Amino acid sequence: MATLSPRASGSFIASCAKHVSIKQEGVEKVAKQIYPELEKSLYSVKSWRKHKLHPKELSEATVDWIFLLDTLNFSFWVEQETPPFVVKYRGNCYTGYWALCAAINRALENGIPITTPSYYAQITEDRLKTIFQSETTTNIPLLTERVKNLNETGLLLVEKYQNTFVNMLRSCNKSAKVLLDMVVTQFSCFCDEATFQNKKVGLYKRAQILIADIWACFEGQDFGEFTDIDSLTMFADYLVPRGLQFLDVIEYSNELQNILKQGELLPYGSALEVEIRGCSIWAVELICNELRRMQKEKISGNGDKVVINAILVDFFLWDSTKACEDEIGGFPMHKTRSIFY
């Protein structure tokens, strides 16, 4: 059975979903919020490196930094009443995704070659736990699974790509589609797939964000040049769907709302979990379509051409959701413990 691409998966899932719906008025409202941000280049290909924990150097070492990051970029949430996973770096404390970035940078500054595949191909659980030492009693979640990811990817990169992800990247002929297929077929820990309504759907959150991060870091040039970057969709996780709820773009059924409010875990690949992620993908596609319509009609600003794609919309939604976490307590986040997001 052929696996649908993330975009085709989002369309199919949204067409069949019973517990998640997309609201067109919310799509249009959010597009009107985002368009001025794109025009002012507040969300552009240049935004990625502005984050202080992201690397600034445009080099092969940075490509390997990004690959390591997205091999481990999943499942940072903790249960209520549990202290968060916290990394202290240069006098500041970080949680979640930023704790991962901080821990990688801290390791490199301490002389640990954490971004070198031959190093992490052999890494042990005890060693990784030390590298990701937390300021609280809570260790990084899924430590065992993270070690497995590193061992798997590191070994293949050593054996097939001369100890660097750069060589896999070079072999894709500047095609995001080709690189995506290579990553999800050669690394099982990136193969984010499920069966929904008897169809195989590919959501590929980490594999897509890996390519998007390289594109954004290198501003679409050099290692970041992809002729088909717009083939990528948003990165279906647990945070952006919550933001889409808050922004009135997607709506959950009463049954799903009650399940989430009770704090029940949704198993990875379950129908409800796939509906949330698939409908989020399609909602962002609809937002992109509305943004392109606005651009074509030159509704706002001076009408200059701006880059519009699902990557930048996702970046906007992720940042804005993080920024207003205190305001969105009434919108439950789905919880799925998985290596895929």
Side-chain angles (χ1 to χ4, degrees), residues 45 48-74 87 89 94 97-124 127-128 130-132 140 145-176 178-191 204-226 229 232 235 311 339-340:
V45 73
W48 195 89
R49 279 192 294 139
K50 291 179 181 177
H51 288 289
K52 66 179 180 179
L53 293 179
H54 283 164
K56 305 297 183 280
E57 182 182 333
L58 300 179
S59 66
E60 293 186 5
T62 293
V63 173
D64 281 323
W65 189 99
I66 293 170
F67 180 79
L68 175 77
L69 173 80
D70 288 319
T71 299
L72 298 173
N73 183 7
F74 58 86
V87 169
Y89 172 63
Y94 300 93
Y97 167 83
W98 296 117
L100 174 63
C101 294
I104 293 171
N105 291 338
R106 182 177 66 185
L108 290 170
E109 289 182 8
N110 288 335
I112 300 169
I114 184 63
T115 58
T116 302
S118 58
Y119 177 82
Y120 57 78
Q122 306 296 328
I123 204 164
T124 64
R127 185 63 179 138
L128 193 64
T130 300
I131 290 171
F132 288 123
I140 190 169
E145 289 78 4
R146 292 177 198 277
V147 171
K148 289 179 181 176
N149 282 16
L150 292 176
N151 293 164
E152 177 202 354
T153 56
L155 187 61
L156 188 136
L157 290 176
V158 169
E159 292 181 345
K160 195 171 180 179
Y161 294 101
Q162 296 77 53
N163 201 31
T164 177
F165 182 71
V166 170
N167 288 327
M168 178 181 272
L169 176 58
R170 283 179 170 143
S171 68
C172 77
N173 197 28
K174 299 182 181 179
S175 170
V178 170
L179 185 58
L180 180 64
D181 183 66
M182 293 174 69
V183 169
V184 302
T185 56
Q186 296 187 46
F187 301 118
S188 64
C189 66
F190 278 94
C191 192
Y204 304 144
K205 185 264 183 180
R206 287 195 299 106
Q208 290 200 109
I209 205 169
L210 165 64
I211 300 167
D213 283 347
I214 294 170
W215 171 74
C217 177
F218 288 86
E219 299 183 8
Q221 303 296 316
D222 194 16
F223 292 121
E225 183 181 357
F226 297 98
I229 193 64
L232 301 186
F235 320 117
I311 299 169
I339 70 167
F340 293 112

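Note that the structure is predicted; figures quoted are calculated from it, not measured. FYI, side chains are in, hydrogens and waters are out, and symmetry mates aren't considered; it's all heavy atoms of this structure.
- Side-chain contact between W215 and L232: absent, with no pair of heavy atoms (C-beta onward) separated by less than 4.5 Å.
- Distance CD1/I66 to OG1/T71: 11.5 Å, rounded to 0.5 Å.
- Atoms NZ and CG, on K52 and N105 in that order, are 11.5 Å from each other to the nearest 0.5 Å.
- Between G154 and A121 the shortest heavy-atom distance is C-CB, 3.6 Å.
- Legend: residues meeting ring pair (Phe, Tyr, Trp, His ring centres under 6.0 Å) with F218, ordered by chain and number and at least two apart, are F223.
- Considering only residues two or more places apart in sequence or on other chains, E219 meets the side-chain contact (heavy atoms from CB on, under 4.5 Å) condition with V45, K46, R49.
- To the nearest 0.5 Å, atom NZ of residue K56 and atom NZ of residue K50 are 11.5 Å apart.
- Residue pairs satisfying the salt bridge (Lys or Arg N to Asp or Glu O under 4.0 Å) criterion with at least one member in residues 57-71, sequence neighbours excluded, are listed as follows: E60-R170.
- Taking the six-membered ring wherever Trp is involved, the centroid distance between the rings of F187 and F165 does not fall below 6.0 Å.
- Looking at I311 and F235, their side chains come closer than 4.5 Å, going by heavy atoms from C-beta outward.
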Checklist entry - Would N151 and I123 satisfy side-chain contact (heavy atoms from CB on, under 4.5 Å), going step by step from the backbone distance to the final call? => result CA-CA 7 Å; N151 293 164; I123 204 164; 3.8 Å; yes
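- Residues passing the side-chain contact (heavy atoms from CB on, under 4.5 Å) test with A207, sequence neighbours excluded: L180, V183, V184, F190, Y204.
- Atoms CD1 and CG, on I114 and L128 in that order, are 6.0 Å from each other to the nearest 0.5 Å.
- Using a 4.5 Å cut-off on side-chain heavy atoms (C-beta onward), F132 and R106 make no contact.
- With hydrogens and angles disregarded, no donor-acceptor distance shorter than 3.5 Å links the side chain of N163 to the backbone of V158.
- S175 places no side-chain N or O within donor-acceptor distance of the main-chain N or O of C172, the cut-off being under 3.5 Å.
- Across all non-hydrogen atoms, the minimal contact from A176 to F226 is N-CD2, 3.6 Å.
- Using a 4.5 Å heavy-atom cutoff, the side chains of V178 and N173 are not in contact.
- Classification of the H54-Y97 ring pair by plane angle, with boundaries at 30° and 60°, yields perpendicular.
- Residues L69 and C101 are in side-chain contact: their nearest non-hydrogen atoms beyond the backbone lie under 4.5 Å apart.
- Of all the heavy atoms in T62 and C217, the pair that sits closest is CG2-SG, 3.6 Å.
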Item to check | Worked check of side-chain contact (heavy atoms from CB on, under 4.5 Å) between N149 and I339 | outcome: CA-CA 9 Å; N149 282 16; I339 70 167; 3.8 Å; yes
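- Distance check, rounded to the nearest 0.5 Å: OG1 of T115 to CZ of F67 gives 11.5 Å.
- The shortest distance between side-chain heavy atoms of L68 and I104 falls below 4.5 Å.
- For E109, the side chain to side chain donor-acceptor pair (under 3.5 Å) partners at least two apart in sequence or on another chain are Y89, R90.
- Listed by chain and residue number, D181 satisfy the side-chain contact (heavy atoms from CB on, under 4.5 Å) test with T185 (two or more places apart in sequence, or in another chain).
- R127 contributes no side-chain N or O that, together with a main-chain N or O of Y120, makes up a donor-acceptor pair within less than 3.5 Å.
- Here the closest heavy-atom approach between residue S188 and residue E152 is recorded as N-OE2, 2.6 Å.
- Atoms CG and NZ, from L210 and K205 in turn, are 11.0 Å apart once rounded to the nearest 0.5 Å.
- Under the 4.5 Å side-chain criterion, counting only non-hydrogen atoms from C-beta, Y161 is not in contact with V166.
- Using a 4.5 Å heavy-atom threshold, the side chains of T124 and V147 count as separate.
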